[in-house]
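Each remark here refers to the structure printed beneath this line.
In this text, all values refer to a predicted model and were calculated from it rather than measured experimentally.
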Amino acid sequence: MDKLKPAAIFKNKMVLQRNKEILIWGQGKESSVVTAKINDKEYSSVVTNTDWCIRIPPMEAGGPYILKITDNETEFTYEDVMTGEVWFACGQSNMEFILRNCPDYHDVKEEIKNNQDLDIRYYETPKQSYFSDNFGENEENSGWSKLEDDNFDSWSAVAFYAAKKLAQNLSGITVGIAACFWGGTSASCWCDEDTLLSDLALNEYLTDYQSQIGNKSDELLKNEYLEYKSQLRQWEAAQAELLRKSPDLTWSQIAEKIGPYKWCPPLGPYSQYRPNGLFHTMFSRMYRFSKRGIWYYQGESDDHKPRLYYRLFTRLIECWRTLCEDDSLPFIFVQLPMYSEPGRENETSWAYIREAQQRVYTTVKNTAMTVALDLGEHFNIHPPVKSVLGSRLADQTLALCYGHSDKSGPLYKSSFTQGSEMTVEFYNSSDGFEVRGDYISGFELASYDKKFYKASAVIDNDRIRLTSENVAQPVYLRYNFVNYADVTLYGKNGIPAAPFRTSLTDE
């Protein structure tokens, strides 16, 4: 590299994290001195092995500023720069789900138009699965946008709703969203090689990948991928033409006319679904950007290995915190909602993912879990109502990071048996419960034989008492431990009780 080049995330309208050290980095001419100037102060770094990184001391919230970066040969000037709160929005398709597809989008658009004091800004890391010839060009074409810009409707809906509530509670503070996601991706795509190699159980992700690509040459794998991309572009063009003529066509109607969506590319070194791939082509391009913490919504695409998810998710958090040089970086994630494909309601793959997520919350410091059990749809893996979820995510953020009161729902604490009755105690239930429906559903009891039967539930102040005519001596208990079921039990604050089971050996 013989020319100065700041990282792609540095653009006009960016938001820099307030009250934390700010990193400005990029590439440049070996041994040259790179200087950054902001708020009339200058800071410098020497280019070593073509890389440079400038550390700017913490700044209070404010702006707009002008940031200038120069090596005395080339200069970059960035305008309308703010210091405020920056949150990374990461995960897969439900974090990627755009605002325009939410049912209340037009109401939100009108609200934003009438509220000029709300300053939220958005950056999306370009989706690139390998280092192609136009990789750098795609990064250069990325940029930060504001609420008044034309692409506001393509922002992550969950992140927007969370940022909106955060900004409203932090009056006058700019909130920045730095998005880094890709639909259908496993958490194994977003961590480095050492994360998977250092854990024998997680080696399975790597061995599975190798067995699937076999001994195919790199040329063959690349040609397979490029052919897939060509077919996908043709399908998308046909879809766009159909929607132009008939905007109300459903997904299934489109598939009937032009065939099913060509969802999954062939696995290989060019696929976004390979282990460790997107860590290098996306996350590594932006993780040094200073931020308050991480918003994370993922897990759906790891339901084929649900019993490994606790280890995988824990290691991913550890990996990211190590890279960001912050062992207590706040990590606020969404627990998967109810969902099932037809006929798979009683399966438990998603239940194990939810259980793993709750174990992460209870064992990994400075994390928070946003319960979304009631926000799923039976046969729709992408429920479009994201405003409630974003609001809950913001509540968890405000409680963990900004000193607001905790608004969590009931979480399993303990249980004990007296005769044929089992009593359950919860955290966050001191105000009691709310039942939505004719009765409390979802509880099951089992004796030593581990055969579960539906249980009748009775509220007793801040506890719940359970019995089943088929279980004389309750030993095991589980609640909504299935892929999909009705949700009827809530805290008085409107947050549903999180699913659980009392033993990891109840099978």
### Message
Test side chain to side chain contact (heavy atoms under 4.5 Å, CB included) on F152 and Y122; report intermediate values, then the result.
### Response
CA-CA 8 Å; F152 159 63; Y122 185 84; over 6 Å; no
### Task
Take Y296 and F331, measure what ring-ring contact (aromatic ring centres under 6.0 Å, His included) needs, and give me the verdict at the end.
CA-CA 7 Å; Y296 190 80; F331 213 100; 5.5 Å; yes
### Message
Test side chain to side chain contact (heavy atoms under 4.5 Å, CB included) on L466 and V424; report intermediate values, then the result.
### Response
CA-CA 8 Å; L466 301 163; V424 190; 3.5 Å; yes
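Under 3.5 Å, the side chains of T281 and Q128 contain no donor-acceptor pair of N or O atoms. Y490 and D374 share a donor-acceptor pair across their side chains, judged by distance under 3.5 Å alone. If you check the side chains of Q231 and E227, you find a donor sitting under 3.5 Å from an acceptor. Side-chain N/O atoms of E96 and H382 include no donor and acceptor closer than 3.5 Å. When only modelled atom types and interatomic distance are considered, W155 and S145 share a side-chain donor-acceptor pair under 3.5 Å. A donor-acceptor contact closer than 3.5 angstrom links the side chains of D302 and S186. Using modelled atom types and a 3.5 Å distance limit, the side chains of D486 and T488 yield no donor-acceptor pair. Under the 3.5 Å distance criterion, with hydrogens and angles disregarded, a donor-acceptor pair is assigned to the side chains of E377 and N380. For the residue pair D208 / S211, no side-chain donor-acceptor distance below 3.5 Å is found, with atom types taken as modelled. Between Y309 and Q298, the side chains place a donor N or O and an acceptor N or O closer than 3.5 Å (distance only, hydrogens not considered). Residues T397 and W87 have side chains that never bring a donor and an acceptor to within less than 3.5 angstrom of each other. Counting only N and O atoms by type, the side chains of E425 and Y412 include no donor and acceptor under 3.5 Å apart. Checking R501 against Y479 by side-chain atom types alone, no donor-acceptor pair falls below 3.5 Å. Side-chain contact of K127 with N138: a donor-acceptor pair under 3.5 Å is absent, judged by distance alone. Checking K20 against S290 by side-chain atom types alone, no donor-acceptor pair falls below 3.5 Å. Residues Q92 and S301 have side chains that bring a donor and an acceptor to within less than 3.5 angstrom of each other. Between S340 and W350, the side chains place no donor N or O within less than 3.5 Å of an acceptor N or O (distance only, hydrogens not considered).
In summary, the aromatic rings of F313 and F333 are positioned with their centroids under 6.0 Å apart. Taking the centre of each ring, W235 and Y261 come in below the 6.0 Å mark. Residues Y123 and F289 place their aromatic rings such that the two centres sit no closer than 6.0 Å.
Residues forming a salt bridge (charged side-chain N to carboxylate O under 4.0 Å, His left out) with R354 (at least two apart in sequence, or on another chain): none. Partners of Y130 according to the ring pair (Phe, Tyr, Trp, His ring centres under 6.0 Å) rule, which considers only residues two or more places apart in sequence or in another chain, are Y225, Y270. The ring pair (Phe, Tyr, Trp, His ring centres under 6.0 Å) test applied to Y476 returns no partner, not counting sequence neighbours.
No more than 12 heavy atoms of other residues, nucleotides or ligands shown are found within 6.0 angstrom of CD on E60. Atom CZ of F379 sits in a crowded spot, with more than 12 heavy atoms from other residues, nucleotides or ligands closer than 6.0 Å. The neighbour count for K407 NZ, taken as heavy atoms of other residues, nucleotides or ligands under 6.0 Å away, does not exceed 12. By the neighbour-count criterion of 12 heavy atoms within 6.0 Å, atom CG of N203 is densely surrounded, having more than that number from other residues, nucleotides or ligands.
Side-chain contact between L411 and M369: present, with at least one pair of heavy atoms (C-beta onward) separated by less than 4.5 Å. Annotation: side chain of P269 is in contact with side chain of L221 (closest heavy-atom distance under 4.5 Å). A heavy-atom distance below 4.5 Å is found between the side chains of F433 and P410. Within the 4.5 Å cutoff, side-chain heavy atoms of W320 are placed close to those of W190. Residues L400 and I332 meet the side-chain proximity criterion, which asks for heavy atoms closer than 4.5 Å. For the pair E300/L336, a side-chain contact is recorded, criterion being any heavy-atom separation below 4.5 Å from C-beta on. The side-chain heavy atoms of Y161 and V388, taken from C-beta on, include no pair separated by under 4.5 Å. Under the 4.5 Å side-chain criterion, counting only non-hydrogen atoms from C-beta, E507 is not in contact with K450.
R315 has no carboxylate O lying under 4.0 Å from a charged side-chain N of E318, or vice versa, which leaves the two without a salt bridge. Salt bridge annotation for R344-E341: present, with a cationic side-chain nitrogen under 4.0 angstrom from a carboxylate oxygen. Salt bridge E85/R18: present, at least one basic N to carboxylate O contact under 4.0 Å. Residues R311 and D199 are paired through a salt bridge, judged by an N-O separation under 4.0 Å between the basic side chain and the carboxylate. Of the charged side-chain nitrogens involved, at least one lies within less than 4.0 Å of a carboxylate oxygen, so that E224 and K216 count as a salt-bridged pair.
Of the candidates I177, V81, V175, T174, V15 forms a side chain to side chain contact (heavy atoms under 4.5 Å, CB included) with just one, namely T174.
Considering CD of E355 and CZ of R307, their distance stands at 9.0 Å, rounded to 0.5 Å. Atom CG of N276 and atom CG of L206 lie 6.0 Å apart (nearest 0.5 Å).
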